[in-house]
**Student:** 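Got a structure for you, written out below as structure tokens; questions coming shortly.
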Protein chains: 2
Amino acid sequence: MNDKVMSIGTVCDLTGLTERQIRYYEEKQLIFPVRTKGGARKYSFDDVERVKEINIKLRDGFHTFELRKAGRACGE
Amino acid sequence: MNDKVMSIGTVCDLTGLTERQIRYYEEKQLIFPVRTKGGARKYSFDDVERVKEINIKLRDGFHTFELRKAGRACGE
DNA sequence: CGTGTAAGGAATTCTGACACG
DNA sequence: CGTGTAAGGAATTCTGACACG
């Protein structure tokens, strides 16, 4: 589930979010898709789950910079 | 692993085969990708494994029509 | 039969920017 | 801050065909 295989359009289908939102989360260092030779982003299923979680947290009032370390550590 | 999420280019990367080969296997009813609104094929990880297996069988001398039922039944 | 290729079109994705608030 | 959109370009994929054998 860690294989970066899907393009942003598929992530949109799976999450219901827009390309803009997904690219923004990357810009804010919350997700890290890989790039094809042509420059297209490729995501994993784990990324999809992460994106969903990020969106929920944002709706809950958190800010992107507060979610940056949310992968493991939460203290500080 | 049954989610149809990757485009043909990704399948090529994962299998080392060409788009031509992958499309041909579909034409011969050996794999069944889904289509996006735009007409692009989407494959699952299971499809990737299947494609690899098909290619090996072909190298072993089998013909596409002999691999059609190979999913479950093999008698007859 | 299984696969290569050149051909033209259509759909996808990319970046940087202006906008709102 | 997080997200929407119009803008133009570049990369991806599609189909049908001719080729070889």
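Since the structure is predicted, the reported quantities are computational estimates derived from the model, not experimental observations. Proteins come first, then strands; the chains are lettered A, B, ... in the order of their sequence lines, and each starts at number 1.
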**Student:** Among residues 20-38 of chain A, which contact DNA chain C at a heavy-atom distance under 4.0 Å?
**Tutor:** A:R20, A:R23, A:R35
**Student:** What about A:V34 and A:Y43, same hydrophobic cluster or not, with Ile/Leu/Val/Met/Phe/Trp/Tyr joined at side-chain heavy-atom distances under 4.5 Å?
**Tutor:**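 Hydrophobic grouping puts A:V34 apart from A:Y43.
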**Student:** Round to a whole Å and report the spacing from NZ of A:K42 to C1' of C:dT13.
**Tutor:**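 Atom NZ in A:K42 sits about 10 Å away from atom C1' in C:dT13.
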**Student:** Mind checking what makes side-chain hydrogen bond (donor to acceptor under 3.5 Å, both in side chains) contact with B:T36, not counting sequence neighbours?
**Tutor:**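 Not a single residue meets the side-chain hydrogen bond (donor to acceptor under 3.5 Å, both in side chains) criterion with B:T36.
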**Student:** Judged by each residue's nearest nucleotide on DNA chain D, which is more toward the 5′ side, A:G39 or A:L58?
**Tutor:**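 The answer here is A:L58.
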**Student:** Taking only residues two or more places apart in sequence or in another chain, which ones pass salt bridge (charged side-chain N to carboxylate O under 4.0 Å, His left out) with B:E49?
**Tutor:**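 Result, salt bridge (charged side-chain N to carboxylate O under 4.0 Å, His left out) vs B:E49: B:K52.
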**Student:** Whole angstroms only, please: what is the NZ-C1' distance between A:K57 and D:dG2?
**Tutor:**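 So the two atoms are 17 Å apart, to the nearest Å.
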**Student:** Only counting residues at least two apart or in another chain, list the ones meeting salt bridge (charged side-chain N to carboxylate O under 4.0 Å, His left out) with A:R23.
**Tutor:** A:E19
**Student:** Please list, by residue number, the residues of residues 3-17 of chain A whose heavy atoms come closer than 4.0 Å to an atom of DNA chain C; answer none if no residue qualifies.
**Tutor:**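 Residues of residues 3-17 of chain A under 4.0 Å from DNA chain C: A:S7, A:I8, A:G9.
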**Student:** Not counting sequence neighbours, which residues clear side chain to side chain contact (heavy atoms under 4.5 Å, CB included) with B:F32? List them please.
**Tutor:** B:Q29
**Student:** Which residues pass the side-chain hydrogen bond (donor to acceptor under 3.5 Å, both in side chains) test with B:D3, not counting sequence neighbours?
**Tutor:**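 Expected list: none.
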**Student:** Not counting sequence neighbours, which residues clear salt bridge (charged side-chain N to carboxylate O under 4.0 Å, His left out) with A:D13? List them please.
**Tutor:**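 Result, salt bridge (charged side-chain N to carboxylate O under 4.0 Å, His left out) vs A:D13: B:K37.
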**Student:** In chain order, what residues pass the salt bridge (charged side-chain N to carboxylate O under 4.0 Å, His left out) check against B:R59, with sequence neighbours excluded?
**Tutor:** none
**Student:** Among all residues two or more places apart in sequence or in another chain, which pass the side-chain hydrogen bond (donor to acceptor under 3.5 Å, both in side chains) test with A:Y25?
**Tutor:** A:N55
**Student:** Name the stems with DNA chain D in them: runs of three or more consecutive Watson-Crick or G-U pairs, distances under 3.5 Å?
**Tutor:** C:2-5 with D:17-20, C:17-20 with D:2-5
**Student:** Is B:N55 close enough to C:dT3 that one of its side-chain N or O atoms is under 4.0 Å from OP1 or OP2 there?
**Tutor:** yes
**Student:** With hydrophobic residues grouped by side-chain heavy-atom distances under 4.5 Å, do A:V5 and B:M1 end up in a single group?
**Tutor:**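 Looking at the clustering, B:M1 is in the same group as A:V5.
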**Student:** Taking only residues two or more places apart in sequence or in another chain, which ones pass side-chain hydrogen bond (donor to acceptor under 3.5 Å, both in side chains) with A:T10?
**Tutor:** B:K42
**Student:** Examine C:dC14: is either OP1 or OP2 under 4.0 Å from a nitrogen or oxygen in the side chain of A:R41? Give yes or no.
**Tutor:** yes
